[in-house]
Amino acid sequence: MVGAAPTSNRAGASTGQQNDQSGATAAIEPEALVVTHWFDSGEGGEPYAATVRFTGSRAGVHGKPRAQDQFVQDETIDPIVPGTGPVSITATVPGLHPGEWSVSAQLIGVSSGSRGVNPQWRSVVTRPVPPATWSWRRWAISTRPNGVLKTRWALLAPLARTPAVVPGVYTALAVLGMVVALAVQASILAGEGITALPALAASLLAIAAGLIAAKAWYAVLHPDESIIRGGWAVDGFLVVAPVVAVVAIHALELPMGVVLDAATPGLFFAVALGRVGCFVTGCCAGRCTSSRLGIWSSDRRVGARRIPTQLLEAVAGVAIGAVSSLLVLGHALPVHGLTFVVAFAAYTVVRQVLLRLRAERRRSARTVPLTAGAAAAVLIAVAVMSTVERSEPPSHTAGASGVLGDAGSPASSGSFPG
């Protein structure tokens, strides 16, 4: 079928060429082209917006070019922070005939009021924007020699080479994080004399429910995106996973406080691994900044020096995991389950701060406080249930001999303090 004329899905993007009325190329399946160019952000002044116009033509075309043999696509970048150094822009142009393409880019305009109510656009002296290449060794962007580019299957466009982005790393590190979390929990439970399998089953159930909630919450926040290709919202995980864990632990007649505490260190080590994956794959990116503390990274479309919110959250995850490990192994807190509550509360606070440093703006300002409130309510409920469990007589759990270890008593299992 003849592909539709390429258009940009960004604000300020121009409409591409009109549909090709000829049926001569109806058997050719349209493909996509992924191109990246860069320019310098300049020095001094207020943040601004800029438009880069991509123009492309397919090589080897004889006669009058058809719609899928050429394109013009505008990409608007907003905001650009002066003093951040190189800024790259990656554009995906769908609906093209396959083959080799010659692509150029030009900076055609900037606005004087970034994100303003009525930004005043002014044209600039049109100047070329060079193609970009990325060096992982130097962690820097540079100019790629001009040359032809090849189209690719449109479904594989997200896997195209983009500065500072390696697709798939997040998934790999997320899986690794889950394995680490379960291994750490099993090790701590073994030290407490508790059979690990029932507790790990409860953890897996909580993780599965949390992932479903994270996907659902992301779909609510981003209704325009594909639910399959879209991301995950940790907020949904934070609210649902603890609830499911508490229900599962209670149903399996496990010592709730001990199991939750044992799960805490590994959980936050998994958070750290996952956030490193986010940084490398370009999700959850921070705002652009001219600060020396900024790190050049990408949101998979715009590359620039940014606040490394993902790495900051990873550091917080390592710190919370390490401290909670010391508290659990040293039996430092008087009530089992309190380590879980304190760690989750600390992470919730850190996350609410970092959310305000991200480039992506929430569709509703109410989502952040609502999520924080829901997480707080869950933590309070867990704390109350752990306290109630501690105050109940030991005979309440005496029948769970297969769970509490060889001694078969809460005192010997470490489920309750002496």
Side-chain angles (χ1 to χ4, degrees), residues 5-17 30-42 47-61 65 67-82 84-111 114 119 121-135 140-152 154 157-165 282 285 288 296-306:
T7 59
S8 172
N9 57 0
R10 305 289 177 180
S14 67
T15 304
Q17 303 296 320
E31 295 193 358
L33 194 66
V34 181
V35 293
T36 302
H37 286 62
W38 74 278
F39 59 94
D40 191 88
S41 62
Y48 61 95
T51 294
V52 175
R53 173 165 293 171
F54 290 90
T55 304
S57 59
R58 186 167 68 92
V61 176
Q68 288 77 29
D69 294 325
Q70 57 188 355
F71 70 86
V72 176
Q73 179 165 304
D74 291 353
E75 294 286 338
T76 299
I77 311 170
D78 184 15
I80 298 172
V81 179
T84 57
V87 175
S88 73
I89 175 66
T90 298
T92 299
V93 188
L96 301 177
H97 282 164
E100 295 183 337
W101 286 71
S102 176
V103 180
S104 62
Q106 294 179 314
L107 184 65
I108 62 171
V110 300
S111 72
S114 174
W121 286 86
R122 65 179 188 274
S123 60
V124 297
V125 176
T126 301
R127 60 183 176 87
V129 179
T133 189
W134 177 256
S135 169
I141 198 168
S142 59
T143 299
R144 174 182 58 81
N146 285 304
V148 295
L149 299 173
K150 291 185 177 181
T151 56
R152 62 177 62 217
L159 301 180
R161 300 175 69 178
T162 304
V165 173
C288 297
W296 206 97
S297 57
S298 175
D299 64 358
R300 290 177 284 194
R301 178 176 176 262
V302 177
R305 189 190 303 173
R306 298 174 178 272

Do you know which two heavy atoms are closest between [X] and [Y], and how far apart they sit?
| X | Y | answer |
| --- | --- | --- |
| G95 | Q68 | O-CG, 3.1 Å |
| P86 | D40 | N-OD1, 4.2 Å |
| A285 | S298 | CB-O, 4.1 Å |
| V129 | W38 | CG1-O, 2.8 Å |
| A154 | A32 | CA-CB, 3.9 Å |
| C288 | A304 | SG-CB, 3.8 Å |

Is the number of heavy atoms from other residues, nucleotides or ligands under 6.0 Å of R144 CZ greater than 12? yes
Once you round to the nearest 0.5 Å, how far does [atom1] of [X] lie from [atom2] of [Y]?
| X | Y | atom1 | atom2 | value |
| --- | --- | --- | --- | --- |
| Q106 | T55 | CD | OG1 | 6.5 Å |
| R127 | I108 | CZ | CD1 | 12.5 Å |
| F71 | R58 | CZ | CZ | 13.0 Å |
| R301 | S88 | CZ | OG | 10.5 Å |
| I89 | I77 | CD1 | CD1 | 4.0 Å |

Answer with yes or no whether the side chains of T76 and T51 bring together a donor and an acceptor at under 3.5 Å. yes
Modelled atom types, side-chain donor and acceptor of T84 and S41, under 3.5 Å: yes
Partners passing salt bridge (charged side-chain N to carboxylate O under 4.0 Å, His left out) against R306 (at least two apart in sequence or in another chain): D299
Parallel, tilted or perpendicular: rings of H37 and F54 (30°, 60°): perpendicular
Does G99 offer a backbone N or O that forms a donor-acceptor pair with the side chain of T151 under 3.5 Å? yes
Side chain to side chain, [X] and [Y], heavy atoms closer than 4.5 Å:
| X | Y | result |
| --- | --- | --- |
| F39 | V52 | yes |
| P131 | N146 | yes |
| V72 | R53 | yes |
| W134 | W296 | yes |

Residues K150, R152; criterion side-chain contact (heavy atoms from CB on, under 4.5 Å); working and verdict: CA-CA 7 Å; K150 291 185 177 181; R152 62 177 62 217; over 6 Å; no
